[in-house]
Protein chains: 2
Amino acid sequence: MKLPVSTEWLLHCAASLAQLKSGDTASAAQLAQYFDLPAAYLAKQLQALVKAGVLAATTGPRGGFRLARPASEITLLQLVEAVDGASSPYECREIRQQGRGALPAEECRTPCILAEKMAEAHRAWRRSLAATSLADIVAALPPSAPSRTRLRLTGAP
Amino acid sequence: MKLPVSTEWLLHCAASLAQLKSGDTASAAQLAQYFDLPAAYLAKQLQALVKAGVLAATTGPRGGFRLARPASEITLLQLVEAVDGASSPYECREIRQQGRGALPAEECRTPCILAEKMAEAHRAWRRSLAATSLADIVAALPPSAPSRTRLRLTGAP
DNA sequence: ATTATCTCGGACTAAATAGATCCGCAATGT
DNA sequence: ACATTGCGGATCTATTTAGTCCGAGATAAT
Ligand code: FES
Ligand code: FES
């Protein structure tokens, strides 16, 4: 069970975008340089966030990415699931109905208790991530960070 | 983020072993037949559970696997982490210290807030899984299941 | 004690997936 | 018109996962 490494990239990119003035954008190249990441691959992953409706992109010169909604309405869960998909890590294939020990269909009307427990754990994980918004993240950063981020992203010396 | 398919296999195998008489064992071949699984691969995964101290194996004729401890002291978390490893799916590589936007070391004394939140979600997941033991699972099965499992595993008609 | 047989145990190979890159196209602002 | 930027697809490689194989060791009957 492993999240793609780009998860960390995108969380930090989103947090950086949340610190921009409303209406301002940052290009994929800028973000890649900002974190020293493979630009092409990062661009591809950013597209996934756009498709998921978390980011909005404007093309053309001085274009780039910005948040599609206020930072307070973007949760960590939405970001993570945008890059990794929303499916549960545990995939029940109804093993109880196969092989010599197969249960009669009559006893399989209710979902398997093991699948239930695994799904419950996944729900707990999702609930925890959904409890934090990007605004919470920005608020928890050192007070000096936002202005510095803004300067470096928009192209200071 | 995906758990190996063998996770489901092993959870069900462990649940089946929990239904055996104390001291009785089931071989990898029996379990594989019971669920219609690739025997060799299942055997490999069962070894992981032995290494993790969840199962105990006895070799030689009439040997096989059994629980290493009472079912009430084996949690789902221990089983899952035995097969998939115990590391968090989110791996923080301290991206905040790299690239043009690198933070000064002074502001990196405390762990990154994003890494914290992701770790917290993982803890919630682990807590949920640790709350259920194999004994709970067996208790929740249909009342007819235990005897049937015992019969089929030990080789009845 | 020997031997036949059954078990785990680890080494090994093949398939799938993730990571990463590239290029052409469409859209936008100068 | 032109430079800049996102978008999508095709492609290539590295890593992980899935699956197979055969040998070391233990048991029980002879
Ligand atoms: S049948 Fe899939 S978890 Fe039990
Ligand atoms: S530096 Fe790793 S999560 Fe922020």
Side-chain angles (χ1 to χ4, degrees), chain A residues 1-10 13 17 23-33 35-68 80 82-85 87 89-91 93 95 153-155, chain B residues 1-10 13 17 23-33 35-66 68 80 83-85 87 89-91 93 95 153-155:
Chain A
M1 189 173 52
K2 217 179 53 179
L3 285 168
V5 290
S6 48
T7 309
E8 186 181 10
W9 308 354
L10 293 171
C13 285
L17 290 177
D24 216 345
T25 66
S27 74
Q30 282 176 315
L31 288 167
Q33 182 178 253
F35 291 114
D36 190 24
L37 299 175
Y41 190 36
L42 175 63
K44 194 181 184 64
Q45 304 296 350
L46 285 168
Q47 291 174 30
L49 291 206
V50 174
K51 246 186 302 184
V54 176
L55 297 187
T58 59
T59 167
R62 306 255 342 128
F65 297 92
R66 63 186 157 79
L67 299 185
V80 169
V83 50
D84 188 57
S87 58
Y90 183 79
E91 183 184 355
R93 299 189 185 176
I95 199 185
L153 260 184
T154 52
Chain B
M1 190 172 52
K2 215 181 53 179
L3 286 167
V5 291
S6 49
T7 309
E8 186 181 9
W9 307 354
L10 292 171
C13 284
L17 290 176
D24 216 345
T25 67
S27 74
Q30 282 176 315
L31 288 167
Q33 181 178 256
F35 291 113
D36 190 24
L37 300 174
Y41 189 36
L42 176 63
K44 184 191 180 75
Q45 306 294 354
L46 286 167
Q47 290 173 31
L49 292 205
V50 173
K51 250 187 298 187
V54 177
L55 296 188
T58 59
T59 170
R62 309 231 15 107
F65 297 91
R66 62 184 161 80
V80 169
V83 51
D84 188 57
S87 59
Y90 183 79
E91 184 183 354
R93 299 189 186 176
I95 200 186
L153 264 183
T154 50

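Order of the sequence lines fixes the chain letters, A, B, ..., with proteins taken first and strands second; residue numbering starts at 1 for each chain. All of these numbers come straight from a predicted model, not from anything done at the bench. We use all heavy atoms of the structure for the numbers below, so side chains are in, but hydrogens, waters and symmetry mates are not.
- For Leu10(A) and dG19(C), the CG to P distance is 11 Å, given to the nearest whole Å.
- Backbone-only engagement by Ala57(A) is indicated by non-hydrogen atom pairs under 4.0 Å involving sugar-phosphate atoms exclusively.
- Per the geometry, CD belonging to Glu91(B) stands 11 Å off P belonging to dG19(C), to the nearest Å.
- To the nearest angstrom, P of dT7(C) lies 17 Å from CG of Leu55(B).
- Of all heavy-atom pairs between Val50(A) and Ala57(A), the closest is CG2-CB, 4.2 Å.
- Atom CG of Leu46(B) and atom P of dT7(C) are 13 Å apart (whole Å).
- Projected onto DNA chain C by closest heavy-atom contact, Lys51(B) and Trp9(A) fall at different nucleotides, the more 5' of which corresponds to Lys51(B).
- Distance OH (Tyr41(B)) to P (dC8(C)): 17 Å, rounded to an integer number of Å.
- Distance check, rounded to the nearest 0.5 Å: CD of Gln30(A) to SG of Cys13(A) gives 11.5 Å.
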Can you pull every protein N or O that's under 3.5 Å from an N or O on nucleotides 11-17 of chain C?
residue: dA11(C); atom: N6; partner: Lys44(B); partner atom: NZ; Å: 3.4

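- DNA chain D is contacted by both Gly63(A) and Asp84(B); Gly63(A) maps to the nucleotide lying nearer its 5′ end (nearest heavy atom per residue).
- To the nearest 0.5 Å, the span separating CG on Leu49(B) from CG on Leu17(B) amounts to 9.0 Å.
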Please table the atom pairs, donor to acceptor, closer than 3.5 Å between any side-chain atom in residues 35-45 of chain B and protein atoms at least two apart or in another chain.
residue: Tyr41(B); atom: OH; partner: Gln45(B); partner atom: NE2; Å: 2.9

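- For the atom pair NZ (Lys2(A)) and CG (Asp84(B)), the distance works out to 10.5 Å, reported to the nearest 0.5 Å.
- Counting only residues at least two apart or on different chains, no side chain to side chain donor-acceptor pair (under 3.5 Å) pair has a member in residues 50-61 of chain B.
- Using a 4.0 Å heavy-atom cutoff across all strands shown, Ala28(B) reaches sugar-phosphate atoms only and no base atom.
- Summary for the helix from dA1(C)-dT30(D) to dT30(C)-dA1(D): the axes at its two ends, each from 5 pairs, differ by 20° when rounded to the nearest 10 degrees.
- Separating the OG1 atom in Thr7(A) from the CD atom in Glu91(B) is a distance of 10.5 Å, to the nearest 0.5 Å.
- Contact annotation: the side chain of Leu67(A) approaches that of Leu55(A) to within less than 4.5 Å [non-hydrogen atoms, C-beta and beyond].
- Put simply, OG on Ser87(A) and CE on Met1(B) are 8.0 Å apart, with the number rounded to the nearest 0.5 Å.
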Between protein and nucleic acid, restricted to nucleotides 24-29 of chain C and to nitrogen or oxygen atoms under 3.5 Å apart, what atom pairs and distances do you find?
residue: dA27(C); atom: N3; partner: Thr59(A); partner atom: OG1; Å: 3.2

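- Taking the 5' to 3' direction, DNA chain D first and last meets chain B under 4.0 angstrom from a heavy atom at dA18(D) to dT27(D).
- With rounding to the nearest 0.5 Å, the separation of CH2 in Trp9(B) from CZ in Arg93(A) is 8.0 Å.
- Atom CD in Gln47(A) sits roughly 13 Å away from atom C1' in dC23(C) (whole-Å rounding).
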